Amino acid sequence: MFPLQHWKDMAGAWATSTSQNATSIYGVDPTDHLPLSLLRSELIPPAPNRSESAIDWLPDFAGYSWAAYGSSSLLVISHFPSPLSSEQTRMGSIFRQVFEISSVASSPVTAVSWSPVTPSSGELAVASDNCICLFSHDSATPNSKGSFCWSQNAALLQSTKVEAVGWTASGDGLIAGGLEVVLWKRKSKSWEIAWKFKADQPQNMVSASWSIEGPSAAASFSKDLQIEGVNEASKSVLVFYGDGSSGFAKTVLGHPQPVSMLQWRPSAGKQLLRDGKHLRRHILLTCCLDGTIRLWSEIDNVRVKKAGSVYDQKTTRRSFCVAAVIEIDNALRGTLGADISFTWAMEIGGMVKTTEETNQYFFREEHKNEVGSCEWLIGFGPGKLVTFWAIHCLDDISPMRFPRVTLWKRLDLQGLEVEHLNRNGLSTLKQQLLLKKVVIMRNSASGPPTVCSSIHLYPCKYLAWSMLYTQMINDTENAPPSESRTENLLSCSVEGILDIDGHTGRILQVAIHPYVCEVDLVVSLDSNGLLLFWSLSNNSNAILDLPTLIPAWRISGKHVTHGKCSKYSSLNWAPLVLAEDRFLLLGHVGGIDCFAVKNFHGEGDGIECYFICTIPFAGHDPYEDGPTNIYTVPLSLSRNETYMCDGFLLLGIWMKVFRALSWEITMHAYDLTRSCSECNFNDDNIVECNARKFEKTISGTRYCLHVIPSSAQLPEPHLHDQVTSFAVISPGGLTPVRQKLPFHKDSLSCRSPAYVMATGCSDGSIKLWRCSTNEPSISHKSWELVGMFSAHQGPVTAIRLTSCGRKIATTGSDSPSNTVFSLRIWDSIRLPDSGTFMLEDTLSLDEDVVVLNWLALGNGQLLLAVCMRNELRVYAQKRCGGHALLDSKQSPGVQLWFCIGISHTFSAIHDFLWGPRTTGVVVHASYLSLLSPWLFLLDNKHQTDFYKKLNPESLLDSDIDMGKDTFSEIFSDHDVVNHKETLIANSNGGCKSDLLKKINTNNGHLSSAFLVGRGQIKCKSKILLGYWSMLDIVETLARVLPVYHPESLFANIYSGNWKRAYISVKHLVEYLNSSHISEKRGHHPKISDIVPQMPLSDYIEGILSKSSTGNAFQWNENATSMTLCSQFQSGLVPFAYNFEPNASSNAFSSSSTKSGLIDFLEPINKLHELAAITATEKMQILAIVDLLNEVSNPQSASVYENLDEPGRRFWVTLRFQQLLFLQRFGRSASLEDLVVDSGLIAWAFHSDCQETLFGSFLPNEPSWPAMRTLGIGFWFTNATQLRTRVIV
């Protein structure tokens, strides 16, 4: 048994293990491997599937108890805190692992069953649709490295849906019920079918005996039978057993009414085969709606058959008879199958010791065969009644006796109605769901139970562990002598609770509070009207889809809204916090409801919602549905001594027939205990504005709302536009509340947004709207169109605006067939007296986009999430600057946005939100996925494409490296009994299979069931090469370059600020020649980590030395060299070029720079040796130094200072190409080696110094081919001189 301290340290141990397995490769630049893998960190499951077969309980494994249950299409394995341990009860569940079993919510988990083998190995069978997934604990896996988690190791595929699953007691087989009843037989590490049978109707109750050689039973039951009438097939129990060959035999056990429950007598841990006298009989328990329990015993020719006896099965047919009958309805005055349920008690060896300080289990050896041995039936109901029935003489065959049934004890479970269950409206136990597994302990095989444990599932989504136990002798020394020992048995009770609450329907919307940094609160709404409030944890261990020890999201409150008159369709938070209260807005067909959300910290009550008012859709046509979305935009902020005030713009938008309503809302809140003032809104124009005022007092706080209707419809002729998508600016996210700069509602304010809403139309156009500034007396104000542009050739399918509206992301079709999709990012640019949006980048997509979402990182950088149906991509902008100028051969279409992370999902993506700390929140149909803020670099040979296509063919045809000691197998029951197909990797890591040609390939869960195992294996194998935070990747792509980077140096010279480039080079060389650089040897940092940044004032002002009293730059009288002040004699040395007066500027000697660079080469080489710059960057710096020497020397022949800005950009670019060519190849560049693109031609065309440019790069009598190389014909506008030069 693991101590609790082990669990407390588990999160840190897993994080350390992950770090060790994910150590970054030495010297690897992650930007060279984009996109990296974006992995899931945690699954947040919905409420459990309310079915007895979809929940199971494992009383003891590794010293703890465990619950496994189906949660929509997910499987959840959770630690169940023992009610006897105060420490576990206080801490709650300390382990949860969630698996995706099916990729569609319409194929939920239908059956869950733990293997009953003792001691338990942690094996689990899970059924969904026509697949049974088998899981095992990693401690049973060879060469496991101590990770405490479960993983999938096999999948059993059937041709029909699986309704129920049951293990044999020895663990050698599985029985699956449905339209076909199939018995699977284990053979070493593989599975095959022992037999199968097609029933007349689905068999949703199954039970297996000790082994596959014994009998199995199946039946069909539905609670609707009591209403719809009796189905004859439900009155029969089918008993199957092998016939000695590959077939089976069947016996039908008839009942007068439908059978509600069946169960074989459980084994006592091990099948007792010591001698023939003590062999255990196969006893089948059936509960019938006629109010009778029947115990069926196997017989042969009126002689009782013994389990395990040897006889000729080919000639002997098994028969069963009723050995005992218990008329429960008469005995307990209830209805069996309705408010009364029965089950065999499963016995585990041990006892309980209780003291004042602690309660403990003590396990003991298995009971020996004793005289008077008995088994126990446990009954629950009616009400809180628990009954204990002793069954004697089950194995008495010499002489033969029929079982003797005795009602031993009646008890009331008084402790089940605990406080939190009552608070959720559970006044009776009629709605409880009892799991058909009751565990007892006793001191002897003939004695009564001393401990009894049972599990109940309540409608409020709690699993309750009810335990009855017996006080020890030393605890009852002071008891009255008349108190009998029997009365003391099971006289104490204790309860444990496992909270497994979640959504019960389809998730409609999720909203994260806009001030999530300070208000860690999230709300979600489902189709059943359930609101769940989630608190966010900063201490979660969720990193790499490992088992969760500390969940990142915890339910802190819920609010049931299905009792309201209207069904809510949308929700959002108001962007304000008043008196520590949050405000939630919920849209429905009749209006928008406003709720105050209070968080009672430390009082144990969690979060409560209080209704304030309904903002009606007054003056508008009635709506058939509620708004599709609700948006809030901050408007103003003001405060005084008596109350707090805040305002925002509220928008409700419908998409079925596009409609957008808006209101300006101002809210007050003040404490009545401190002030008695009334809401002092300005009511002068309240009638003209059609405004409304609402007041509500809640818990001593008065809330006042002032609502002014704003824009209500689009103006003509845009009212009839076919709107295909829309977006609204929504400031919020990572900025603290006090640093928010809300938009002012004054349209002339600089803080007013240029537009509030954008609509995308079927013709590919984007239109930008803001609230109308018309007179308030106008009742139906229209939206004001402030701009529009054409974004796509086809319909705009999705739009997303940044928080301030500066950038817009759009997706749409750019082909007539609407099969080619593109993502376009638009950036706003300012023009004189106006503005427009310019296309910044275009990215191709494989399919249409479901949702887009921006994230502002707070440092000027943005992330863009792009979600397709089963794929998520995260894009970041790469720094754009001088890199395009330095690389003259770069293609003209420079890509600015790069996919830095990619993630694939099994289930379809419905929505996506950004959480705190760059955590992605993926919304599926019924559950949520949290993505890690880390990006992972995986081994290339494991990066296959089998995630991309969620169909079985792609799974089995992909190259998958399974590892040497791991395997996942898929076995099928098709065509022949013994048919199987084993999916094992070959030596090259690939696998091929024809299995799926024989089965229905439309089952989406098949891929999920298989890939869950693959995902577990990948986490355990050494394929993780490195990981980086998303912020680090963005910083690498878009970081601000140091001033001495070649791109920065060139940009300064290019723009005319050559003095800044010069002082930056001087700063670099000074530091490289200093003693500090020696301390950096042996490291491999970035250049910015080696050389510190220079003071900004020195950089801007061009100050060469703080002690310099003269001019910043001083030149000597030598026309061929440049010297600096004495402060720089240890730095940049003079550079010399020998320019002949009559020579063209492109004619210079390659030896002219050698003497001037001797002292400078050493520090640059030193920087290169430290791996801070590449060889290309080194040559670029040297070429820039040459260029600086030329432009800064007034005695040189450079034309730099004589050019206007367009001409200077043309000249600097070509001159740098010449100098860089010299550095690379050691010879002068010819005109053919220069690259003159359309951009350079445009600069030359706009220059007024074209004559100077002409003479700078061409000889006095140039040839036409030479002039054509520089594009003279495009930019030299003096036609007369051009004609003269061409003729010459």
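Both backbone and side-chain heavy atoms feed into the values below; hydrogens, waters and symmetry mates do not. Since the structure is predicted, the reported quantities are computational estimates derived from the model, not experimental observations. We count residues from 1, following the sequence as given.
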Hey, could you give me the [atom1]/[atom2] distance between [X] and [Y], rounded to the nearest 0.5 Å?
{"X": "L489", "Y": "C452", "atom1": "CG", "atom2": "SG", "answer": "12.0 Å"}
{"X": "I132", "Y": "Q158", "atom1": "CD1", "atom2": "CD", "answer": "4.5 Å"}
{"X": "S115", "Y": "F61", "atom1": "OG", "atom2": "CZ", "answer": "11.0 Å"}
{"X": "N49", "Y": "S71", "atom1": "CG", "atom2": "OG", "answer": "6.5 Å"}
{"X": "L284", "Y": "S209", "atom1": "CG", "atom2": "OG", "answer": "10.0 Å"}
{"X": "I500", "Y": "L457", "atom1": "CD1", "atom2": "CG", "answer": "5.5 Å"}

Less than 4.5 Å apart, side chain to side chain, heavy atoms only: is that true for [X] and [Y]?
{"X": "V325", "Y": "I293", "answer": "no"}
{"X": "I440", "Y": "V451", "answer": "no"}
{"X": "L332", "Y": "L385", "answer": "yes"}
{"X": "V181", "Y": "W195", "answer": "yes"}
{"X": "V438", "Y": "S453", "answer": "no"}
{"X": "F197", "Y": "V182", "answer": "no"}
{"X": "P448", "Y": "W408", "answer": "yes"}
{"X": "I391", "Y": "I283", "answer": "no"}

Verify side-chain hydrogen bond (donor to acceptor under 3.5 Å, both in side chains) between W296 and T286, making sure each step is shown before the conclusion.
CA-CA 8 Å; W296 300 79; T286 61; 3.0 Å; yes

Taking it one step at a time, do Q263 and T343 satisfy side-chain hydrogen bond (donor to acceptor under 3.5 Å, both in side chains)?
CA-CA 7 Å; Q263 184 184 14; T343 182; 2.9 Å; yes

Derivation and outcome, side chain to side chain contact (heavy atoms under 4.5 Å, CB included), residues I455 and I55
CA-CA 10 Å; I455 303 295; I55 306 178; 5.8 Å; no

Could you check whether any side-chain N or O of [X] sits under 3.5 Å from a backbone N or O of [Y], counting only pairs where one atom can act as donor and the other as acceptor?
{"X": "D395", "Y": "R281", "result": "yes"}
{"X": "S220", "Y": "Q203", "result": "no"}
{"X": "S53", "Y": "T110", "result": "yes"}
{"X": "T168", "Y": "G171", "result": "yes"}
{"X": "D56", "Y": "W114", "result": "yes"}
{"X": "D60", "Y": "S65", "result": "no"}
{"X": "S236", "Y": "G254", "result": "no"}
{"X": "N204", "Y": "F221", "result": "yes"}
{"X": "D290", "Y": "T292", "result": "yes"}
{"X": "R294", "Y": "V322", "result": "no"}

Determine whether more than 12 heavy atoms belonging to other residues, nucleotides or ligands lie under 6.0 Å from atom CD of Q201.
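Yes - once you tally the heavy atoms of other residues, nucleotides and ligands closer than 6.0 Å, there are more than 12.
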
L498 and Y462: side chain to side chain contact (heavy atoms under 4.5 Å, CB included), yes or no, with the steps?
CA-CA 6 Å; L498 179 62; Y462 289 98; over 6 Å; no

With a 4.0 Å cut-off on N to O distance, would you call [X] and [Y] a salt bridge?
{"X": "E375", "Y": "R265", "result": "yes"}
{"X": "K437", "Y": "E52", "result": "no"}
{"X": "E180", "Y": "K198", "result": "no"}
{"X": "D172", "Y": "K187", "result": "no"}

Without hydrogens or angle criteria, can the side chains of R410 and T387 be said to hold a donor-acceptor pair below 3.5 Å?
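Result is no, nothing qualifies.
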
Angle between ring planes, F80 versus W465, binned at 30° and 60°: parallel, tilted or perpendicular?
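Perpendicular.
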
To check you understand the geometry: which heavy-atom pair defines the closest contact between [X] and [Y], and what is its length?
{"X": "L468", "Y": "L490", "result": "O-CD2, 3.6 Å"}
{"X": "A331", "Y": "W389", "result": "CB-CH2, 4.2 Å"}
{"X": "F402", "Y": "C393", "result": "O-CB, 3.9 Å"}
{"X": "L124", "Y": "S113", "result": "CD1-O, 3.4 Å"}
{"X": "A217", "Y": "I175", "result": "O-CD1, 4.1 Å"}
{"X": "D329", "Y": "L336", "result": "OD1-N, 2.9 Å"}

Side chain to side chain contact (heavy atoms under 4.5 Å, CB included) assessment of L377 paired with L285:
CA-CA 10 Å; L377 290 178; L285 166 70; 3.9 Å; yes

Derivation and outcome, side-chain hydrogen bond (donor to acceptor under 3.5 Å, both in side chains), residues R442 and T450
CA-CA 5 Å; R442 51 182 177 163; T450 57; over 6 Å; no

Please report the C-alpha distance between F380 and H456 in whole Å, then the side-chain angles of each, then the deciding distance to 0.1 Å, and finally whether the ring pair (Phe, Tyr, Trp, His ring centres under 6.0 Å) criterion is met.
CA-CA 11 Å; F380 292 86; H456 304 256; 5.4 Å; yes

Report the C-alpha separation of Y241 and F248 in whole Å, then their side-chain angles, then the decisive distance to 0.1 Å, and conclude whether the side chain to side chain contact (heavy atoms under 4.5 Å, CB included) test is met.
CA-CA 6 Å; Y241 49 89; F248 68 96; over 6 Å; no

